[in-house]
Structures are given as structure tokens and as C-alpha cells.
Amino acid sequence: MYHLNFLFIFTFWLPMVVSKSLRLRLSGHPNILGADVFRFNAELTNTGNEPLTLLNDPNTVLAPSWKTDIFAVTCRATGKLASFQGVSVRWNPPEILEDAQITKIQVGETIKIEQNLSSVYNFTLSGPGVYDITPISHTFLAISPAGSVESIVADVSGSHHMWLWGNTASTKAN
């Protein structure tokens with residue numbers, strides 16, 4: 001009898017466990033003509049069972065306007081990383097929590113954030129060719145219902161590959 005009660009309670013309690021999880025996938029056109037159009041999408045999917053409120057951390061794909069070093073961009077032919085020419089940001093979430101910009105993602109929802117690397121990386125030294133692009137960090141900060149900040153490590157579905165030919169340095173002003 002006790003075993004059946006435990007099994008009954010465990011079976012009905014298990015689905016109520018809160019699960020916070022994300023999947024990060026990079027997508028876009030595989031061929032690009034010049035560094036001026038080195039763009040792709042970061043797709044972030046809430047794979048958990050509750051809505052998420054994420055802080056737009058400038059060191060993640062959620063804040064592309066900051067032009068921070070959030071990707072490893074490596075040329076397959078030379079093995080060299082593209083030269084980073086953006087900004088470094090020191091960011092302390094508890095200090096800025098009241099004024100923070102956020103992104104809300106519902107259960108099962110996927111959001112797309114365009115990533116424009118044309119003014120963030122210079123491809124001259126690494127050269128033309130196929131580039132493998134992987135996120136440097138895939139840890140996101142979520143605001144819990146109680147108001148605390150929690151880390152969520154996203155599952156990353158591989159790297160994105162882009163063939164760069166033409167200009168290897170952007171001709172557009174930063």
C-alpha cells in the first residue's frame with residue numbers, strides 16, 4: 001500500500017516540476033559577398049515549461065547592438081579567428097536590474113535576433129573562405145518570479161558555416 005501511494009504521488013508531482021531551458025541555433029544564408037553583409041540569425045527557443053524573462057546581457061546574442069565579442073569566428077582554410085574590433089563591456093546584472101532591458105519568451109516560442117558582424121569583426125587577416133561561427137557564451141540570465149537572477153545554459157545546436165568571398169573588411173562606417 002505504501003509503495004502505491006508513493007508511486008501515485010511521484011507520478012503526479014513529476015509533471016509539475018519547473019523546467020527552465022533554452023536552445024540556441026544560428027541560421028542564415030551560407031554564401032555572402034563581402035564583409036559588409038556578414039549577417040545571420042540567432043534563434044533562441046524556450047524549451048522549458050514556463051515563460052522566461054531574460055536580461056539582454058551585452059555578452060550574449062540578445063544585445064547585438066552593443067557590438068561585443070560574442071562569437072568565435074574562425075576561417076577553416078587558415079584556422080585564424082577574425083579580428084575583433086568592437087567593444088568590451090563590464091556588466092553587473094544586480095546593479096542594473098531595475099533599468100535592464102529584457103526579452104520575454106513564452107513556452108515553445110522561438111525568437112530570431114539578427115546578428116550583423118560586419119562592423120564587429122575584420123576578416124582581412126583570416127582571409128576569405130568558409131567560416132565556422134560559434135557562440136562564445138551560451139549562458140543567459142533570467143529573472144525569476146521572485147525577482148532574483150538565475151543562469152540558464154542553452155543547448156547549442158552546432159556552429160553556423162558561412163562562405164565569405166569578396167571584401168574581407170567592411171567599407172561601412174562603424
Side-chain angles (χ1 to χ4, degrees), residues 19-48 52 54-96 100-103 105 108-142 149-174:
S19 167
K20 296 179 182 178
S21 60
L22 292 164
R23 182 179 61 242
L24 175 60
R25 180 178 170 268
L26 306 180
S27 66
H29 198 279
N31 298 310
I32 51 173
L33 177 58
D36 286 333
V37 290
F38 205 101
R39 293 181 179 95
F40 56 92
N41 288 316
E43 299 175 2
L44 197 57
T45 303
N46 180 351
T47 56
L52 294 174
L54 303 174
L55 292 173
N56 290 357
D57 181 345
N59 297 304
T60 69
V61 299
L62 289 174
S65 62
W66 279 87
K67 298 183 181 181
T68 53
D69 192 15
I70 59 175
F71 296 104
V73 185
T74 309
C75 181
R76 282 188 190 172
T78 63
K80 293 182 180 179
L81 288 170
S83 301
F84 173 66
Q85 55 189 22
V87 297
S88 294
V89 176
R90 184 175 162 208
W91 197 68
N92 190 354
E95 289 180 10
I96 55 94
Q101 292 190 355
I102 59 170
T103 298
I105 308 177
E109 180 183 11
T110 298
I111 60 167
K112 289 183 181 181
I113 309 107
E114 184 181 70
Q115 307 295 313
N116 181 352
L117 303 190
S118 61
S119 63
V120 181
Y121 297 91
N122 184 316
F123 304 91
T124 304
L125 295 176
S126 48
V130 175
Y131 278 82
D132 293 323
I133 305 159
T134 55
I136 292 173
S137 173
H138 49 96
T139 300
F140 294 86
L141 300 175
V149 177
E150 303 170 344
S151 295
I152 302 173
V153 178
D155 292 326
V156 179
S157 28
S159 62
H160 183 57
H161 315 291
M162 295 178 79
W163 174 263
L164 170 65
W165 55 291
N167 292 338
T168 53
S170 178
T171 57
K172 295 181 181 178
N174 290 337

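Atom set for the values below is all heavy atoms of this structure, side chains included, hydrogens, waters and symmetry mates excluded.
Legend: residues meeting salt bridge (charged side-chain N to carboxylate O under 4.0 Å, His left out) with E109, ordered by chain and number and at least two apart, are absent. Checked against side chain to side chain donor-acceptor pair (under 3.5 Å), S21 has the following partners two or more places apart in sequence or in another chain: T47. When the salt bridge (charged side-chain N to carboxylate O under 4.0 Å, His left out) test is applied to R39, no partner is found at least two apart in sequence or on another chain.
Taking each heavy atom of I111 and L62 in turn, the nearest pair found is CD1-CD2, 4.1 Å. The two residues F123 and L117 come nearest to each other via the heavy atoms CE1-O, 4.3 Å. Scanning all heavy atoms of the two residues, the minimum distance from P58 to A63 falls at CA-CB, 3.7 Å. When every heavy atom of G127 is checked against every heavy atom of T168, the shortest pair comes out as C-CG2, 4.1 Å. Looking at every heavy atom in both residues, G108 comes nearest to T45 through O-CG2, 4.3 Å. The minimum heavy-atom distance between V120 and T68, with the atom names listed, is CG1-O, 3.8 Å.
Interatomic distance, NZ of K67 versus CG of N116, reported as 7.5 Å (0.5 Å rounding). How far CD of Q85 is from CG of D69: 11.0 Å, rounded to the nearest 0.5 Å. The structure places OG1 of T124 at 9.0 Å from CG of N167, a figure rounded to the nearest 0.5 Å. The distance from the CG atom of L54 to the CD1 atom of I152 is 6.0 Å, given to the nearest 0.5 Å. We find the CG-CD1 distance between N41 and I113 to be 8.5 Å, quoted to the nearest 0.5 Å.
Listed for the T60 side chain is no donor-acceptor partner under 3.5 Å among the backbone atoms of F140. Without hydrogens or angle criteria, E114 side chain to K112 main chain gives no donor-acceptor distance under 3.5 Å.
Within the 4.5 Å cutoff, no side-chain heavy atoms of S159 are placed close to those of I133.
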Distance-only donor-acceptor pairs under 3.5 Å for side chains of residues 70-84, two or more places apart:
unit_1, atom_1, unit_2, atom_2, d
R76, NE, D132, OD1, 2.9
R76, NE, D132, OD2, 3.2
R76, NH2, D132, OD1, 3.0
R76, NH2, H161, ND1, 2.8
T78, OG1, K80, N, 3.2
T78, OG1, S126, O, 3.0

Report, one line per pair, each donor and acceptor closer than 3.5 Å where one atom sits in a side chain of residues 22-33; sequence neighbours left out.
unit_1, atom_1, unit_2, atom_2, d
R25, NH1, E43, OE1, 2.8
R25, NH1, E43, OE2, 3.4
S27, OG, E43, OE2, 2.8
H29, ND1, N31, N, 3.0
H29, ND1, N31, O, 2.8

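Ring geometry, F40 versus H160: the interplanar angle falls from 30° to 60°, so the pair is classed tilted.
Applying the salt bridge (charged side-chain N to carboxylate O under 4.0 Å, His left out) rule to pairs touching residues 116-129 yields nothing, sequence neighbours excluded.
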Is there a side chain to side chain contact (heavy atoms under 4.5 Å, CB included) between V156 and T134? Walk through the geometry before answering.
CA-CA 9 Å; V156 179; T134 55; over 6 Å; no
